[in-house]
Amino acid sequence: MTTTRFAPSPTGRLHVGNIRTALHNWMLTRKAGGDFILRIDDTDAARSKEEYVEAIRTDLAWLGLEADREERQSERLGKYETAFEALREAGRIYPAYETQQELELKRKVLLGRGLPPIYDRGALELTEAARAAKEAEGIAPHWRFKLDHDEPIVWEDGVRGAVKFDAKLVSDPVIRRADGSWLYMLPSTVDDIDMGVTQVLRGEDHVSNTAVQIQMFTAMDAAVPAFAHEALLVGKEGKLSKRLGSLGCDSFRERGIEPEAIIAVLARLGTSLPVEPIGDRAALLETFDLSTFGRAPAKFDDADLERINTALVHAMPYHAVKERLPDGMDEAGWHAVQPNILTVGEAAEWWRLVTGPIEKVQFSEEDRAYLGEAASALQWTDDPWATLTSSLKESTGRKGKTLFLPLRLALTGMNHGPDMGELLPLIGEGEARARLERAAAA
Ligand code: GLU
């Protein structure tokens with residue numbers, strides 16, 4: 001059983017980077033069998049909003065990445081308190097009293113000397129009396145987790161391979177603020193233990209958090225899950241882009257991007273597998289493997305997404321889109337317009353050529369005579385377009401553009417569009433003849 005979790009903070013909408021992490025966690029569990037948990041990291045009460053929780057659920061549902069269960073950190077504060085007390089009891093958590101300015105100054109001094117800005121554990125040096133004096137002054141402590149400097153931190157990362165950290169080169173992390181509120185580090189570890197998470201897959205910006213959290217797992221006598229850190233998602237120019245940070249499901253939906261296109265692109269971006277228009281998730285799952293993930297940043301290019309989207313739209317069967325098509329548009333209608341559209345939404349624009357009214361076009365006298373002849377020559381065979389054009393070719397000697405274009409213009413009001421052979425039967429005999437006669441008369 002593989003249990004994964006996607007743990008967004010509900011302080012904004014999901015963006016393409018979060019979606020990618022959610023997808024990969026979903027894929028891990030769907031491939032191996034197990035639970036995919038949506039964990040709402042809402043310990044920051046001031047910044048977390050219910051509307052974002054809703055939006056996260058809606059987006060995941062639209063993408064077809066529903067979780068098997070949902071957990072909320074704000075409902076688990078008692079668990080964190082218990083873990084905190086136990087770790088404090090065990091000497092792994094200590095109070096610290098430095099102000100933000102003092103810490104900043106310490107950092108500057110170290111950096112000025114060319115040293116890494118690691119917290120100097122000044123708070124551990126405080127005597128009982130000094131601590132009591134701080135408390136008497138009304139200074140409430142914040143709390144740090146004490147890393148074990150003698151314990152080497154090593155793990156076999158699912159993407160990065162063997163990773164090693166020297167605990168001495170990492171600051172003891174602040175895990176709780178002076179006002180009692182929680183920072184991310186401890187609650188996440190407590191949850192991963194309680195929820196039986198076996199595999200943590202997240203962005204490489206969390207690598208140093210993992211180093212700390214591995215010591216937390218050990219300090220709480222828990223098994224350490226498997227960790228994997230995927231390379232970050234960047235814009236096509238190779239830089240972290242602001243635009244990517246705000247690119248989410250709403251804008252994809254508005255542009256007519258199908259969830260399956262997003263899934264196909266994000267499933268393989270940054271891996272050694274080619275990004276292809278694969279609409280079948282089972283097929284994507286089959287090849288999904290962390291060992292194909294590269295360490296170089298994954299470049300997200302909108303043009304790729306659009307290309308994959310169009311290819312998928314061109315392959316979509318009628319039953320998969322029928323609810324989203326205009327009234328009356330049947331399977332033949334879908335097939336007629338499908339090659340001409342980039343998005344499913346565009347089907348409605350072409351469908352108007354069938355249902356009318358169509359644009360009025362001015363023809364030359366010669367073309368009007370030709371269209372009059374077409375109106376009388378129209379025969380409703382199995383393939384009325386082929387019948388009509390071959391008989392007109394014969395009778396008028398016209399060919400190519402002069403043969404076809406006036407007909408298309410008269411029948412659809414446009415000089416380009418879906419295949420006339422497919423469109424004409426949909427327009428219907430009576431309406432087609434009426435359109436030709438109107439054009440001939442104008
Ligand atoms: N809420 C954290 C974040 O969004 C979760 C990180 C994790 O996956 O552990 O960065």
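Numbers for residues simply follow the sequence, beginning at 1. Note that ligands are numbered from 1 as they come in the structure, with each ligand's atoms numbered from 1 the same way. Just so we're clear, the structure is a prediction, and the values are computed from it rather than from any experiment.
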Donor-acceptor pair, [X] side chain versus [Y] backbone, under 3.5 Å?
X      : Y      : answer
Arg435 : Leu411 : yes
Asn309 : Glu258 : yes
Thr287 : Leu284 : yes

Please state which protein non-hydrogen atom is closest to [atom] and give its distance, to 0.1 Å?
atom                    : result
atom 10 (O) of ligand 1 : His206 NE2, 3.0 Å
atom 8 (O) of ligand 1  : Arg5 NH1, 2.8 Å
atom 9 (O) of ligand 1  : Tyr184 OH, 2.5 Å

Can you sort out which atoms of ligand 1 are near [X], meaning under 4.0 Å from one of its heavy atoms?
X      : answer
Ala7   : 1 (N), 2 (C), 3 (C), 4 (O), 5 (C)
Arg202 : 7 (C), 8 (O), 9 (O)
Asp41  : 1 (N), 2 (C), 5 (C)

Phe6 contact mode with ligand 1 (heavy-atom cut-off under 4.0 Å): neither

Heavy-atom side-chain contact between Glu349 and Ile341 under 4.5 Å: no

Parallel, tilted or perpendicular, as decided by the 30° and 60° cut-offs, for the rings of Tyr119 and Tyr94: parallel

Polar contact flag, side-chain donor to acceptor under 3.5 angstrom, Ser181-Arg177: yes

